[in-house]
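A quick write-up on the structure given underneath.
Order of the sequence lines sets the chain letters (A, B, ...), proteins ahead of strands, with each chain counted from 1. Quick caveat: nothing in here was measured; it's all calculated off a predicted structure.
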There are 2 protein chains.
Amino acid sequence: MSGVEERETAVGGGLSHRVPDLGGLELLLAVARLGSLGGAARELGITQPAASSRIRSMERQLGVALVDRSPRGSRLTDAGALVTDWARRIVEAAEAFDAGAQALRVRRDSRLRVVASMTIAEYLLPGWLLALRAGRPDTAVSLHAGNSATVAERLLSDEADLGFVEGLTVPSGLDSVVIAHDHLIVVTAPGHVWARRRRPLEAAELAATPLILREKGSGTRQVLDAALGGLARPLIELSSTTAVKAAAVSGAGPAVLSELAVGEELALRRLVRVPVAGVSLARDLRAVWPTGHRPVGPARDLLSLTRD
Amino acid sequence: MSGVEERETAVGGGLSHRVPDLGGLELLLAVARLGSLGGAARELGITQPAASSRIRSMERQLGVALVDRSPRGSRLTDAGALVTDWARRIVEAAEAFDAGAQALRVRRDSRLRVVASMTIAEYLLPGWLLALRAGRPDTAVSLHAGNSATVAERLLSDEADLGFVEGLTVPSGLDSVVIAHDHLIVVTAPGHVWARRRRPLEAAELAATPLILREKGSGTRQVLDAALGGLARPLIELSSTTAVKAAAVSGAGPAVLSELAVGEELALRRLVRVPVAGVSLARDLRAVWPTGHRPVGPARDLLSLTRD
DNA sequence: ATGAGGGCATAAGCTGTCTTTATGAGCGGT
DNA sequence: ACCGCTCATAAAGACAGCTTATGCCCTCAT
């Protein structure tokens, strides 16, 4: 209730003022791994005083001692070990971001050109790219995102070497292999009536209720319409998974989304899964390529990483 | 193969030079949500030119156009939508970090004092704290991490209101309720012989092989020793889950860890799960409190969030 | 004992980034 | 035609982080 506390929570955002920047977190991880400030500094290509000062400023910012300094090295405190583990999650997310972002740059010299549907590009590809980078560090990948039609088009016009789609059907002219299974699920904000519901929803009830949906033509919408016999009733139609999630979290109504998209939200209880019965909302995720042109080289490397 | 490219990948670290900082990512999320640079700027408490310049510098850094500007607002480009979703993962990890870090500060006025074992504090508590903050924004939580004995000690001396343990036994003097189930799993680096193994490991084989383990006395080690009859043979003993994971990832040998701890690593294929048969490596995660003092108020709120 | 080496802290100066203030320009509805 | 919204540009100030240059502490080997 103090003025400061009030403002801190009222501002709400300002995360970047309470969380050390990525450079600081990387430094902390290096200190944890190497057991020495100077060693960590060397690894990151900065000087020892810079590392010392930076760790100290993180400790000031967090209000917690992170490392025990001694004349023969530095070890994490108990709190420091916790903070370091939480920091690792941020850095891993940043690594995935980096792998994805590098692939988004249009480069003519890419040895592997991938085109993928949105959901796959958002939730699965960064991980695959990281794994690929670990195994084949010199493979330059470029990524283009689009719907199933776009994927087919770019593959057939030789603008891409490997594609990923999430629809019900495989575009003609393409061979495919199933690489994972996905389910659409119904979710609501925790405050919604359905959030407390134990008895599964029936198809009729789902079809009769206005839902927050992706636009017609999206892979997600295709599957839902097919499952309900083309009857899905939109409360609003939004053009991205993100917008649908945001609307559902804010309590606008129930939404239908891939379980890939809402893992985090379910874990944090920002959204609640509503049980459904008698409706087939499963779909396959597939890798695709032009008929007959079985993937070779880098494309084959990536494909082998996607096996679940 | 160019000089610049060479250096970028050779440095390897330097993540913070290729990924925008948290402030920039938050700004991008706000732009995506509000559809306007100026609106996002207002929400974050900065001026419109600052937002404009910052978004522009992110686009320069990533080499990709993120937003389509128009005289009546800004919308994300396709690439921008992808980048924004990847950015959201980073920001969510940062929110968990923040929730945890705030709880680590020692504050006398905390209305809820929690003491938890390491694994739970590392992997589950931040999410619970975020959910608690969402539902009860004014609950100040403080967190202390330690082993089972520490948890019991602090609860019984009234230094904590609610505890979480992961061992096989409940310390005497405490009541408990099971809040989740956990399994220890055997993992190796992808290059290890066991990584390609299909036939499950037997207890005898596991007991005969030197493993990367937590130190004796840790919850993880207790469960493993019990399951193998006290026979676990350490290749090395390390004092943190983190260190065990790092050793396993680097290929030092097979490790035994909670599946909570290696979710990310398995998804990114940095580690591979080795099937095991005939060994009971399950354990319960429990909330605990002094016998008779059933949790009330904030403690009860938190407890109700942990139900799986 | 004593000197060498590794480890950390402090001080001073520099540089770059991000910010604000001030202003201009495009588009749309009234 | 004007007002309101949007975004862009330019100039100047504030701040954070880095480097260089030291000094102290501890340990180990000579």
What integer distance in Å separates [X]:[atom1] from [N]:[atom2]?
{"X": "A:Arg42", "N": "C:dC8", "atom1": "CZ", "atom2": "C1'", "answer": "12 Å"}
{"X": "A:Asp68", "N": "D:dC26", "atom1": "CG", "atom2": "P", "answer": "15 Å"}
{"X": "B:Leu66", "N": "D:dC7", "atom1": "CG", "atom2": "C1'", "answer": "16 Å"}

| message | To check you understand the geometry: which heavy-atom pair defines the closest contact between A:Leu62 and A:Pro20, and what is its length? | response |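 Here A:Leu62 and A:Pro20 meet closest at CD2-CD, 4.2 Å.
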| said: When you measure from the side-chain N and O atoms of A:Ser74 to the phosphate of C:dC8, is any distance below 4.0 Å, counting only OP1 and OP2? | reply: yes
Sequence-distant partners of [X], side-chain contact (heavy atoms from CB on, under 4.5 Å), two or more places apart:
{"X": "B:Ala246", "result": "none"}
{"X": "A:Glu59", "result": "A:Ile55, A:Ala65, A:Leu66, A:Val67, A:Arg69"}
{"X": "A:Pro210", "result": "A:Arg233, A:Leu235"}

Set of side chain to side chain donor-acceptor pair (under 3.5 Å) partners for [X], sequence neighbours left out:
{"X": "A:Thr84", "result": "none"}
{"X": "B:Asp21", "result": "B:Arg54"}
{"X": "A:Arg89", "result": "none"}
{"X": "B:Arg33", "result": "B:Glu43"}

| query | Is A:Arg133 close to A:Asp98 at the side-chain level, that is, under 4.5 Å between some pair of heavy atoms? | reply | yes
| message | Of the options D:dT6, C:dC8, D:dT9, whose atoms approach the side-chain atoms of A:Arg69 most closely? | response |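 Closest nucleotide to the A:Arg69 side chain: C:dC8.
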| task | Check the pair B:Glu95 / A:Arg270 against salt bridge (charged side-chain N to carboxylate O under 4.0 Å, His left out), numbers first and verdict last. | result | CA-CA 13 Å; B:Glu95 281 169 352; A:Arg270 284 210 264 260; 3.8 Å; yes
Give me the distances for all protein-to-nucleotides 15-19 of chain D N/O pairs that come in under 3.5 Å?
| residue | atom | partner | partner atom | Å |
| --- | --- | --- | --- | --- |
| D:dC18 | OP1 | A:Arg54 | NH1 | 3.0 |
| D:dT19 | OP2 | A:Thr47 | N | 2.8 |
| D:dT19 | OP2 | A:Thr47 | OG1 | 2.8 |

| request: Starting at the 5' end of nucleotides 25-30 of chain C, put B wherever the base has a protein heavy atom under 4.0 Å, S where only the sugar-phosphate does, and a dash everywhere else. | output: -BS---
Distance-only donor-acceptor pairs under 3.5 Å for side chains of residues 248-256 of chain A, two or more places apart:
| residue | atom | partner | partner atom | Å |
| --- | --- | --- | --- | --- |
| A:Ser250 | OG | A:Ala247 | O | 2.9 |

| task | Measure from the side-chain N and O atoms of A:Arg221 to the backbone N and O of A:Arg214, and report whether any donor-acceptor pair falls under 3.5 Å. | result | yes
| request: Please confirm whether the backbone N or O of A:Gly39 pairs with a side-chain atom of A:Ser36, one donor and one acceptor, at under 3.5 Å? | output: yes
| query | Which parts of residues 33-41 of chain B get close to DNA chain C, meaning a heavy atom less than 4.0 angstrom away? | reply | none
| Between the first and last five pairs of the helix from C:dA1-D:dT30 to C:dT30-D:dA1, the angle of the axes, rounded to 10 degrees | 20°
